[in-house]
Amino acid sequence: MRLEVLSIALLGVVVTACSPTADYDGAGTSARLSNITLVKITEDHVGGITKETSYGQKAIEAALPGFTTEGIQTAVENNTEWALAAFNTDGFQVLQVFKGQNGKVRSVHGVTHHLQGPNGERIGMTFADVGTARADCRAGKNLWRGMAICKSTGHPNVELVYAIPGYQGPFDQLPPSNDLFDAELQRILWTPKT
């Protein structure tokens, strides 16, 4: 019984962590995309977060004026981790910030359609909308099984995580190109350049 409860709780964390936003209403692409940009992700920063930003509520809130932070547990590719979620003034989650061993920010995941990647990518866009090349992608593993993890064109420290609707495997490889075409961008991952 205890294992079943743990499995159900973990499934809830994974589903929540991989959903594009809490305010997604499923009404089509126009409902998922936005022309409002709360945070811009570039090679060098996510909003005011840079490779020099200390990991902590005060430092992250100072780097993102008007945002609040709260500790959450979320799924990354190989496990679940504690992170600081950054919320805008309306109270929805925009970013997930992860701690590095050096006490600085290790990585940031963009998780809402109100942010923009370095090439204009937005959560909810399709693989075809973004123009991602299949050759720049790999199959996700473990908790991101059945997803495509791709490089952002021209930005080696930014990755795009796509969900592939209806994909039934094999999960150790990318699906055929026609299945990948409609995959939806779920997360934009930023890692500070070293």
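Numbering starts at 1 and runs along the sequence shown. None of these values were measured; they are calculated from a predicted model.
- With values rounded to the nearest 0.5 angstrom, I41 atom CD1 is found 4.5 Å from I188 atom CD1.
- By the 4.0 Å N-to-carboxylate-O rule, R138 lies close enough to E77 to be salt-bridged with it.
- Cluster partners of F98, using a side-chain heavy-atom cutoff of under 4.5 Å among ILVMFWY residues and allowing indirect links, are V76.
- G48 and L64 make their closest contact through N-CD2, 4.1 Å (heavy atoms, listed as atom of the first residue, atom of the second, distance).
- Across all non-hydrogen atoms, the minimal contact from L143 to A75 is CD1-CB, 4.1 Å.
- With N88 contributing its side chain and D90 its backbone, the two residues share a donor-acceptor pair below 3.5 Å.
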Would you tabulate the side-chain donor-acceptor contacts of residues 157-165 under 3.5 Å, counting partners in other chains and residues two or more places apart, or write 'none'?
residue	atom	partner	partner atom	Å
N157	ND2	E43	O	2.7
N157	ND2	T191	O	2.8
Y162	OH	T132	OG1	2.6

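- Nearest approach of L180 to P175, heavy atoms of both residues: CD1-CG, 4.1 Å.
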* For the pair F127 and D182, evaluate side chain to side chain contact (heavy atoms under 4.5 Å, CB included) and give the outcome as yes or no after the intermediate values. => CA-CA 6 Å; F127 189 86; D182 292 327; over 6 Å; no

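- E61 places a side-chain heavy atom less than 4.5 Å from the side chain of T68.
- Under the ring pair (Phe, Tyr, Trp, His ring centres under 6.0 Å) criterion, F171 pairs with Y167, sequence neighbours left out.
- With hydrogens and angles left out, the side-chain atoms of D44 and T50 include no donor and acceptor closer than 3.5 Å.
- Within the structure, the salt bridge (Lys or Arg N to Asp or Glu O under 4.0 Å) test picks out no pair touching residues 93-104 (sequence neighbours left out).
- One distance of note links CD1 of I72 with CH2 of W82; it measures 8.5 Å at 0.5 Å rounding.
- Here OG1 of T126 is found 8.0 Å from CD of E184. Values are rounded to the nearest 0.5 Å.
- Residues E121 and S152 meet the side-chain proximity criterion, which asks for heavy atoms closer than 4.5 Å.
- Linking ILVMFWY residues whenever their side-chain heavy atoms come closer than 4.5 Å, directly or via other members, places V39 and V97 in the same cluster.
- Atom CG of residue L95 and atom OG1 of residue T112 lie 9.0 Å apart, to the nearest 0.5 angstrom.
- Counting all heavy atoms, side chain and backbone alike, G66 lies closest to T89 at O-CG2, 3.4 Å.
- One N or O on the side chain of N119 and one on the backbone of T153 form a donor-acceptor pair closer than 3.5 Å.
- Neither V46 nor F87 shares a network with the other; the hydrophobic side chains, linked directly or stepwise wherever heavy atoms of I, L, V, M, F, W or Y lie under 4.5 Å apart, form separate groups for each.
- No side-chain heavy atom of L115 sits less than 4.5 Å from a side-chain heavy atom of K40.
- A 4.5 Å side-chain heavy-atom check between I49 and I60 finds at least one atom pair inside the cut-off.
- The two residues A59 and S54 make their nearest non-hydrogen contact at CB-O, 3.3 Å.
- With sequence neighbours excluded, the residues forming a side-chain hydrogen bond (donor to acceptor under 3.5 Å, both in side chains) with T42 are H45, listed by chain and number.
- Minimum heavy-atom separation, M125 to V130: CB-CG2, 3.9 Å.
- T74 and E81 are not linked by any side-chain donor-acceptor pair at a separation below 3.5 angstrom, with hydrogens and angles left out of the test.
- Sorted by first and then second residue, the pairs that involve residues 138-194 and meet disulfide bond (SG atoms under 2.5 Å apart), not counting sequence neighbours, are C137-C150.
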* Passes side chain to side chain contact (heavy atoms under 4.5 Å, CB included), Q186 versus M147? Steps please. -> CA-CA 9 Å; Q186 299 289 298; M147 301 181 95; 3.8 Å; yes

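- Of the inter-residue distances, the one linking Q93 atom CD with H114 atom NE2 reads 13.5 Å to the nearest 0.5 angstrom.
- H113 NE2 to L38 CG: the interatomic distance, rounded to the nearest 0.5 Å, is 9.0 Å.
- Inspection of the H109 and R187 side chains reveals an N or O donor paired with an N or O acceptor under 3.5 Å.
- For Y55 (side chain) and N102 (main-chain N/O), no donor-acceptor pair under 3.5 Å exists by modelled atom type.
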